[in-house]
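Below, each value reflects all heavy atoms present in this structure, side chains not excepted, and no hydrogens, waters or symmetry copies. Computed from a predicted structure; not experimentally measured.
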Amino acid sequence: MSSKTLTKPVLYDTRLDLSEETRQNVITILNQTLATTLDLQTHTKQAHWNVKGLDFLQLHELFDDMATELTAFVDMVAERVTALGGRALGTAKVAASETILPAYPLDAVTGVEHLTAIADRLALYAKHVRENIGQSSDFGDEDTADLYTEISRAMDKRLWFIEAHLH
């Protein structure tokens with residue numbers, strides 16, 4: 001991971017039985033997930049605020065529900081970082097710097113434009129989350145792998161909902 005902000009994590013004392021190396025590795029990937037989740041949440045709010053067309057109300061509510069769900073995942077990821085004795089890096093500037101997502105197309109207006117933009121970004125995010133299930137497990141942190149599994153299942157379902165509109 002090439003990162004400007006996510007250098008070696010600061011660790012606080014904890015009685016957790018995970019090694020310092022494990023905690024540092026997992027905190028690093030969690031903070032990148034935190035940044036990307038925050039970014040995806042703002043993308044869905046952008047779609048929620050700006051969608052136009054005959055399917056406005058349905059998509060407006062769909063995007064808002066997704067943003068709410070992502071807000072909960074932001075909190076879960078940040079709290080896992082701090083439970084591991086790390087510092088959650090969750091500012092807008094960090095998110096903008098560390099996200100894996102491309103910029104959102106600010107000229108999107110129609111439902112199809114927003115659905116396509118969200119589907120593309122959601123697929124990248126779901127892939128990132130799925131990869132981190134394995135990484136967390138490889139580092140010996142099954143609890144974080146379980147957190148990623150929970151997010152992965154929810155994002156697969158969200159992608160299904162979004163793509164159903166595009167068929």
Side-chain angles (χ1 to χ4, degrees), residues 1-48 62-105 116-163:
M1 163 180 30
S2 66
S3 171
K4 296 179 230 162
T5 307
L6 303 181
T7 58
K8 186 176 177 182
V10 172
L11 292 180
Y12 298 99
D13 290 337
T14 179
R15 289 172 180 80
L16 282 177
D17 63 342
L18 295 172
S19 72
E20 184 175 307
E21 180 182 10
T22 294
R23 291 186 301 127
Q24 286 178 337
N25 289 329
V26 173
I27 289 165
T28 298
I29 63 172
L30 282 165
N31 269 321
Q32 183 165 50
T33 300
L34 178 58
T36 302
T37 309
L38 279 163
D39 193 30
L40 183 57
Q41 188 269 345
T42 65
H43 289 203
T44 60
K45 288 306 276 190
Q46 182 71 21
H48 165 76
L62 175 67
F63 295 139
D64 200 37
D65 288 346
M66 185 176 164
T68 299
E69 183 174 44
L70 287 164
T71 299
F73 290 144
V74 163
D75 203 43
M76 286 173 52
V77 170
E79 287 177 355
R80 183 64 186 156
V81 169
T82 58
L84 291 171
R87 183 178 298 150
L89 305 176
T91 67
K93 285 189 180 201
V94 171
S97 171
E98 299 300 327
T99 185
I100 64 164
L101 303 177
Y104 195 82
T116 300
I118 294 296
D120 291 346
R121 283 146 187 82
L122 188 52
L124 289 171
Y125 178 71
K127 180 181 181 211
H128 164 81
V129 167
R130 203 171 332 282
E131 289 170 349
N132 286 330
I133 294 169
Q135 273 197 306
S136 299
S137 186
D138 290 347
F139 289 136
D141 185 354
E142 296 302 326
D143 293 333
T144 299
D146 184 57
L147 180 143
Y148 276 120
T149 300
E150 180 180 346
I151 296 170
S152 177
R153 277 194 302 269
M155 293 302 97
D156 286 351
K157 185 175 180 180
R158 284 291 172 189
L159 186 57
W160 167 46
F161 286 5
I162 298 290
E163 288 180 334

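- Residue pairs meeting the salt bridge (charged side-chain N to carboxylate O under 4.0 Å, His left out) criterion with at least one member in residues 66-87, sequence neighbours excluded, are Glu69-Arg158, Arg80-Asp141.
- Here the side chains of Met155 and Phe73 are in contact, with some heavy-atom distance below 4.5 Å.
- Thr36 contributes a side-chain N or O that, together with a main-chain N or O of Gln32, makes up a donor-acceptor pair within less than 3.5 Å.
- Judged purely by atom type and a 3.5 angstrom limit, Ser152 has no side-chain atom pairing as donor or acceptor with the backbone of Tyr148.
- Using a 4.5 Å cut-off on side-chain heavy atoms (C-beta onward), Pro102 and Leu124 make contact.
- With sequence neighbours excluded, the residues forming a side chain to side chain donor-acceptor pair (under 3.5 Å) with Gln41 are Thr71, listed by chain and number.
- Partner His43 forms a side-chain contact (heavy atoms from CB on, under 4.5 Å) with one of Leu38, Thr99, Leu70, Ile118 and no other, that one being Ile118.
- For the pair Phe139/Thr144, no side-chain contact is recorded, criterion being any heavy-atom separation below 4.5 Å from C-beta on.
- The backbone N or O of Glu21 sits less than 3.5 Å from a side-chain atom of Asn25, completing a donor-acceptor pair.
- Residues passing the side chain to side chain donor-acceptor pair (under 3.5 Å) test with Thr22 are Ser19, sequence neighbours excluded.
- Residues Thr44 and Leu62 are not in side-chain contact: their nearest non-hydrogen atoms beyond the backbone lie 4.5 Å or more apart.
- Every salt bridge (charged side-chain N to carboxylate O under 4.0 Å, His left out) that Lys127 has, sequence neighbours left out, goes to Glu131.
- Every residue two or more places apart in sequence or in another chain that forms a salt bridge (charged side-chain N to carboxylate O under 4.0 Å, His left out) with Arg130 is listed here: Asp156.
- For Ser137 (side chain) and Ala145 (main-chain N/O), no donor-acceptor pair under 3.5 Å exists by modelled atom type.
- Take Asp146 and apply the salt bridge (charged side-chain N to carboxylate O under 4.0 Å, His left out) test, not counting sequence neighbours, and it matches no residue.
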